[in-house]
Amino acid sequence: MRKHPAIIQGGMGIAVSSWRLAKDVAIQGELGVISGTAIDSVMARRLQDGDPTGDTQRALSHFPDVIVVQEILKRFFIEGGKDPKRPYIDVPKLIVKPTAFALHLLIVSTFVEVWLAKENHDGLVGMNILEKIQLAIPAQLYGAMLAGVDYILIGAGIPAQIPRLLNWLSLGNSITMKVDVEDTNDKYQIGFDPACIDGVHYPIKRPQFLAIVSSHALVSYLNKDAETKPDGFVIEYHVAGGHNAPPRAKNSTDANGEAVYSDADMPNLEKVVASGSPFWLAGGFGTPEKFVEAKALGAQGIQVGSIFALCNESGFTPELRSQVLSSLAAGETRVVTDASASPTGFPFKVIELDATLSEPELFAKRARKCDLGYLRTPFKRESGGIGYRCPGEPIDTYLFKNGEEEEALTSKCLCNALMADIGLGQIRPDGRTELALITIGSDLVGPMQLLARFPDGWSAKQGLNYLRTAQ
Ligand SMILES: Cc1cc2nc3c(=O)[nH]c(=O)nc-3n(C[C@H](O)[C@H](O)[C@H](O)COP(=O)(O)O)c2cc1C
């Protein structure tokens with residue numbers, strides 16, 4: 001087995017950790033991670049934009065099942081790109097019993113992103129997905145494995161089933177996975193058969209699996225059983241960008257709607273060290289000094305997000321990136337840990353930035369719509385079937401599905417906003433494009449120090465060199 005890397009470039013959705021970023025980090029000898037979240041929509045929109053660089057089509061030409069690729073190109077590829085005023089065609093939403101096409105699209109788009117990140121070098125590439133988006137997991141694991149992914153990293157939930165799924169898939173076997181369905185005690189599971197591609201069960205390389213957790217208790221819980229034991233852990237502190245684990249204490253939201261953390265939310269690293277599992281520290285560890293400290297604490301190294309989210313190769317549009325960098329330079333950046341913005345129910349870090357959904361008036365003006373639906377939760381309908389609801393959808397619809405009003409009022413449509421962050425925002429019938437919403441860590445020492453060195457922005461390589469300066 002290859003030596004673990006010391007630096008993990010965090011998986012940042014949606015496609016902020018693009019294949020370009022992950023590839024550059026991997027070439028520099030660290031672990032480059034792509035985000036698999038909503039990658040089917042990302043690929044479908046890149047194809048509708050005409051795939052101007054040809055990268056997606058090049059990767060598609062290496063996918064083992066030509067017929068599957070042809071059906072995808074037929075549905076989404078537009079030579080020369082769509083009319084910029086026309087909306088994108090959506091991909092099928094995730095459901096418990098997906099069509100063959102929907103599964104193929106998930107597998108292929110994940111394959112493409114990993115394949116591109118791994119092209120022409122032998123560095124290490126990982127894929128990050130969210131446990132919360134359960135319905136996509138089996139197909140995405142398989143798509144990533146078909147492209148030879150080296151690591152899978154999963155947080156935002158308790159990823160207890162993943163080691164077993166990876167074992168089975170690597171043997172070429174069909175798998176079943178338990179899924180959470182609300183409003184019932186009934187048990188549900190989804191099945192996945194790798195033979196849906198090419199009619200073949202391939203034995204395939206098993207990637208390493210790192211669970212992203214924020215407490216030592218979860219480390220011991222997952223390590224208890226060989227079936228749930230990951231190959232290592234990323235221990236994420238609550239200053240990290242993206243979603244954070246909810247505070248342990250009840251009523252831990254302040255008057256501004258921010259999650260408030262205390263010492264009880266700090267992981268006990270001695271217990272993590274005692275577990276014997278390799279681990280990386282994340283959340284405010286993106287400086288040379290914190291990298292040294294992490295190693296002294298017994299970690300393999302660090303997982304870093306914010307400095308890569310703001311580097312030249314990140315998926316954020318250049319306009320949004322420079323807006324954030326200007327606010328950093330002016331010392332005006334305010335990051336809040338919004339307890340209720342995310343439909344997942346997890347606190348979510350948000351930068352207060354002009355012309356984004358972080359502005360209450362703009363949020364209030366947005367017509368609610370749930371047309372991507374990655375964060376929908378399955379629930380059992382009174383009639384017996386399975387329904388899907390998201391607190392970000394129109395409030396009446398959510399209430400009709402027995403959702404709670406309080407949850408819905410402040411919930412933002414992260415799916416559409418995060419697509420807008422990477423320049424793939426949906427166009428609405430009135431001609432408006434969906435607004436962005438930017439997440440970043442609340443410890444910005446690393447980005448500030450890099451900005452002082454590189455006022456016009458930095459590359460992933462410069463970010464890595466900076467992190468290694470105290471080694
Ligand atoms: C823009 C952005 C998006 C993120 N998205 C995800 C994600 O989709 N999944 C995930 O596990 N972590 C996500 N994270 C967390 C990072 O992977 C990483 O753990 C974290 O940023 C480390 O803390 P730092 O920001 O202080 O470096 C995100 C972070 C940022 C800044």
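Counting starts at 1 for both ligands and their atoms, in listed order.
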Enquirer: What are the atoms of ligand 1, with element, lying closer than 4.0 Å to any heavy atom of Phe316?
Expert: 1 (C)
Enquirer: May I ask you to list the atoms of ligand 1 that are less than 4.0 angstrom from any heavy atom of Ile212?
Expert: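 Matching atoms, with element in brackets: 11 (O).
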Enquirer: Which atoms of ligand 1 are found less than 4.0 Å from any heavy atom of Gly10?
Expert: 17 (O)
Enquirer: Specify the protein heavy atom at minimum distance from atom 28 (C) of ligand 1: its residue, its atom name, and the distance to 0.1 Å.
Expert: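 Its nearest protein heavy-atom neighbour is Met12 CG, 3.5 Å.
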Enquirer: Do the side-chain N and O atoms of Ser35 and Ser17 include a donor-acceptor pair separated by under 3.5 angstrom?
Expert: no
Enquirer: Could you tell me whether Lys412 sits above the aromatic face of Phe363, with NZ or CZ closer than 6.0 angstrom to the six-membered ring centre and within 45 degrees of the axis?
Expert: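 Relative to the ring axis of Phe363, which defines the angle, Lys412 lies inside both limits.
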Enquirer: Does Asp90 come within less than 4.0 Å of Arg45, counting only side-chain N to carboxylate O?
Expert: yes
Enquirer: Show, in sequence, the C-alpha distance, side-chain angles and deciding distance for Gln9 and Leu464, and conclude whether the side chain to side chain contact (heavy atoms under 4.5 Å, CB included) test is met.
Expert: CA-CA 9 Å; Gln9 160 255 309; Leu464 287 170; over 6 Å; no
Enquirer: Tell me whether the guanidinium CZ or amine NZ of Arg389 lies under 6.0 angstrom from the six-membered ring centre of Phe379 and within 45° of its axis.
Expert: yes
Enquirer: Is the closest basic N to carboxylate O distance between Glu434 and Arg428 below 4.0 Å?
Expert: yes
Enquirer: When the aromatic ring centroids of Phe285 and Tyr237 are compared, is their separation below 6.0 Å?
Expert: yes
Enquirer: Check ligand 1 against Leu130 and write out every atom of the ligand that is under 4.0 Å from a heavy-atom position of the residue.
Expert: 9 (N)
Enquirer: Would you please determine whether Gly284 falls within less than 4.0 Å of ligand 1 on a heavy-atom basis?
Expert: yes
Enquirer: Taking 4.0 angstrom as the limit, do Arg206 and Asp150 come out as a salt bridge?
Expert: no
Enquirer: Please confirm whether Gly286 comes under 4.0 Å of ligand 1, counting heavy atoms of the residue only.
Expert: no
Enquirer: Please confirm whether Gly283 comes under 4.0 Å of ligand 1, counting heavy atoms of the residue only.
Expert: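 Within the 4.0 Å threshold, so yes.
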Enquirer: Do Gly13 and ligand 1 have an N or O pair less than 3.5 Å apart?
Expert: yes
Enquirer: With heavy atoms of Val304 as the reference, note each atom of ligand 1 found under 4.0 Å away.
Expert: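 Within the 4.0 Å cut-off of Val304, ligand 1 contributes 27 (O).
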Enquirer: Measure up the Phe63 and Phe111 rings against each other and bin them: parallel (under 30°), tilted (30 to 60°), perpendicular (over 60°).
Expert: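 Because their plane-to-plane angle is over 60°, the rings of Phe63 and Phe111 count as perpendicular.
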Enquirer: If you measure from each heavy atom of Phe308 to ligand 1, is any distance below 4.0 Å?
Expert: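 Flag not set, Phe308 not near ligand 1.
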Enquirer: Under 4.0 Å, heavy-atom basis, I'd like to know which part of Glu236 is in contact with ligand 1: side chain, backbone, both or neither.
Expert: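 Glu236 to ligand 1: side-chain contact only, backbone stays beyond 4.0 Å.
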Enquirer: Mark up the atoms of ligand 1 that fall under 4.0 Å of a heavy atom belonging to Asn128, in ascending order.
Expert: 7 (C), 8 (O), 9 (N), 10 (C), 11 (O)
Enquirer: Where is the nearest protein heavy atom to atom 1 (C) of ligand 1: which residue, which atom, and how far?
Expert: Thr439 O, 3.2 Å
Enquirer: Identify the closest protein heavy atom to atom 12 (N) of ligand 1: which residue and atom is it, and at what distance?
Expert: Gly11 O, 3.3 Å
Enquirer: Which atoms of ligand 1 have any heavy atom of Gln303 under 4.0 Å away?
Expert: 17 (O), 18 (C), 19 (O), 22 (C)
Enquirer: With respect to His238, which candidate in Tyr261, Phe348, Phe346 satisfies the ring-ring contact (aromatic ring centres under 6.0 Å, His included) definition?
Expert: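 Considering Tyr261, Phe348, Phe346, a ring-ring contact (aromatic ring centres under 6.0 Å, His included) with His238 is found only for Tyr261.
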Enquirer: Does Glu30 pair with Arg468 as a salt bridge, N-O distance under 4.0 Å?
Expert: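 Result for this pair is yes, salt bridge flagged.
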Enquirer: For atom 14 (N) of ligand 1, tell me which residue out of Gly305, Gly241, Ser306 has the closest non-hydrogen atom.
Expert: Gly241
